[in-house]
Amino acid sequence: MIVVTGVAGELARLTVGRLVERLPAAEVVGTSRTPEKAAGLPIEVRAADFGDPASLVTAFDGADALLIVSLHPLPERSRLQANAIEAAVEAGVGHVVYTSFTRAGEPDNPVSVVPDHRLAEQALLRSGTAFTALRFNMWPEMLLLMGTARRAVSSGKLLSNSGSGGVGYVTKDDSAAVAAAVLAQGSDKGELLEVSGPAAVTDAELARILTEVTGRTVGYEAASDEAVAAALLADGLLEPMANALAANGVARRDGWYGATTRAVERLTGREPTSLGAFLARHRAALTTA
């Protein structure tokens with residue numbers, strides 16, 4: 001039996017979909033703090049709350065493998081994720097898979113989400129159980145969620161402070177396919193697995209791809225950290241978000257997102273989705289004001 005946490009969320013749902021392509025649905029179980037939000041899935045969904053360790057142990061009972069989908073950033077994320085890892089050990093789960101972040105183990109990594117992922121990986125290392133930490137690179141979905149791509153298409157300009165730093169984008173669907181493959185194959189050891197696209201895409205290349213996909217000219221313009229933050233503020237973003245996106249540009253400039261791998265192809269047997277193909281699927285979202 002394979003258990004997947006957080007099945008009301010997108011990545012977990014996609015992973016469940018990939019798992020039931022490989023396995024009978026009766027062998028896949030989901031957990032959620034709000035099971036009613038996952039009612040449409042073709043699997044059993046158990047109630048479980050990362051803040052209630054006893055509920056986790058009960059929900060994980062009988063699992064041969066478990067996918068812990070990392071929580072969204074919040075003040076108690078490290079403690080809550082530690083609860084899930086401890087519950088997995090108590091329930092006797094054979095293989096724990098955790099959705100981490102690229103280069104999370106490196107202490108100098110400045111990306112704001114990394115410390116919680118590093119703590120989770122350290123907890124897995126201490127647990128004594130077999131585990132795989134899937135260190136996903138940036139999802140291109142973030143370009144849509146944060147409005148970066150749409151603003152560039154609308155204005156005709158991609159203002160960037162990332163220099164020649166590239167990103168090994170990997171889509172959520174490819175990430176889910178990797179997670180499903182790792183869960184289905186199992187493991188009896190501890191592994192830290194980088195999962196990135198096969199090429200690191202710079203913002204200059206992103207501007208070219210946006211031009212090709214939308215048919216609208218998007219120029220690339222290098223700018224200072226301060227100028228990027230100021231432009232985001234002028235676009236209506238709140239100061240903490242504007243500063244966070246500018247800081248992300250610095251991290252990309254310094255190479256922290258530059259990892260590239262063939263993990264998607266190796267583990268799933270299919271070519272990863274290119275950034276151009278992903279953005280082409282979402283052309284309407286890029287060109288709608």
key: With Pro24 via side chain to side chain contact (heavy atoms under 4.5 Å, CB included) - residues at least two apart   =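 Listed in chain order: Glu27.
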
By side chain to side chain contact (heavy atoms under 4.5 Å, CB included) - contacts of Ala177 (at least two apart) =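 Expected list: Arg18, Thr268, Arg270.
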
task = Look at Glu44 together with Arg46 and state whether they make a salt bridge at an N to O cut-off of under 4.0 Å.
result =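 Salt bridge: yes.
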
inquiry  = Applying salt bridge (Lys or Arg N to Asp or Glu O under 4.0 Å), can you list everything that pairs with Glu90, at least two apart in sequence or on another chain?
reply    =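 Listed in chain order: nothing, the list is empty.
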
How about [X] and [Y]: do any of their side-chain heavy atoms sit closer than 4.5 Å?
{"X": "Val170", "Y": "Ser196", "answer": "no"}
{"X": "Leu144", "Y": "Arg150", "answer": "no"}
{"X": "Glu86", "Y": "Pro53", "answer": "no"}
{"X": "Thr132", "Y": "Gln185", "answer": "no"}
{"X": "Thr31", "Y": "Thr5", "answer": "yes"}
{"X": "Asn109", "Y": "Arg118", "answer": "yes"}
{"X": "Leu279", "Y": "Leu206", "answer": "yes"}
{"X": "Ile68", "Y": "Phe131", "answer": "no"}

If two hydrophobic side chains count as joined below 4.5 Å and joins carry through other members, does [X] share a cluster with [Y]?
{"X": "Val97", "Y": "Leu119", "result": "no"}
{"X": "Leu14", "Y": "Val45", "result": "no"}
{"X": "Leu11", "Y": "Leu74", "result": "no"}
{"X": "Val93", "Y": "Val3", "result": "yes"}
{"X": "Val153", "Y": "Val228", "result": "yes"}

Do [X] side-chain atoms and [Y] backbone N/O form a donor-acceptor pair below 3.5 Å?
{"X": "Arg135", "Y": "Leu192", "value": "no"}
{"X": "Asp225", "Y": "Ala246", "value": "no"}
{"X": "Ser127", "Y": "Leu124", "value": "yes"}
{"X": "Ser32", "Y": "Thr34", "value": "yes"}
{"X": "Asp174", "Y": "Thr273", "value": "yes"}
{"X": "Ser55", "Y": "Asp49", "value": "yes"}
{"X": "Thr211", "Y": "Val218", "value": "yes"}

Might you point out which heavy atoms bring [X] and [Y] nearest each other, and give the distance in Å?
{"X": "Val29", "Y": "Ile43", "result": "C-CD1, 3.9 Å"}
{"X": "Arg22", "Y": "Leu267", "result": "NH2-O, 4.0 Å"}
{"X": "Val213", "Y": "Arg283", "result": "O-NE, 3.2 Å"}
{"X": "Gly30", "Y": "Val7", "result": "CA-CG1, 3.7 Å"}
{"X": "Ala63", "Y": "Met1", "result": "N-CE, 3.5 Å"}
{"X": "Glu121", "Y": "Ala133", "result": "OE2-CB, 3.8 Å"}

Keeping to residues at least two apart or across chains, list the ring pair (Phe, Tyr, Trp, His ring centres under 6.0 Å) pairs with something in [range].
{"range": "residues 220-269", "answer": "Phe101-Tyr257"}
{"range": "residues 152-180", "answer": "none"}
{"range": "residues 71-99", "answer": "Tyr98-His117"}

Value rounded to 0.5 Å, distance of [atom1] in [X] from [atom2] in [Y]:
{"X": "Glu221", "Y": "Asp203", "atom1": "CD", "atom2": "CG", "result": "12.5 Å"}
{"X": "Ser78", "Y": "Leu71", "atom1": "OG", "atom2": "CG", "result": "9.5 Å"}
{"X": "Asp235", "Y": "Ser155", "atom1": "CG", "atom2": "OG", "result": "7.5 Å"}
{"X": "Met241", "Y": "Leu232", "atom1": "CE", "atom2": "CG", "result": "10.0 Å"}
{"X": "Asp108", "Y": "Arg103", "atom1": "CG", "atom2": "CZ", "result": "9.5 Å"}
{"X": "Leu134", "Y": "Leu183", "atom1": "CG", "atom2": "CG", "result": "8.0 Å"}

More than 12 heavy atoms from other groups under 6.0 Å of [atom1] on [X]:
{"X": "Leu238", "atom1": "CG", "result": "no"}
{"X": "Arg253", "atom1": "CZ", "result": "yes"}
{"X": "Glu36", "atom1": "CD", "result": "yes"}

ask   = Any side-chain donor-acceptor pair under 3.5 Å between Glu141 and Thr171?
value =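 The criterion, which ignores hydrogens and geometry beyond distance, is not satisfied for Thr171 and Glu141.
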
inquiry  = Any donor-acceptor pair under 3.5 Å linking the side-chain atoms of Ser164 with those of Thr202?
reply    =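 Ser164 and Thr202 do not have a side-chain donor-acceptor pair below 3.5 Å.
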
inquiry  = Determine whether Ile2 and Leu67 satisfy the following criterion, side chain to side chain contact (heavy atoms under 4.5 Å, CB included), listing intermediate values before the conclusion.
reply    = CA-CA 8 Å; Ile2 294 175; Leu67 176 64; 5.9 Å; no

inquiry  = Go through it in stages, so that I can follow the logic: the residues are Arg77 and Val113, the test is side chain to side chain contact (heavy atoms under 4.5 Å, CB included), and I'd like the CA-CA distance, side-chain angles, deciding distance and then a yes or no.
reply    = CA-CA 10 Å; Arg77 178 163 71 160; Val113 299; 3.9 Å; yes

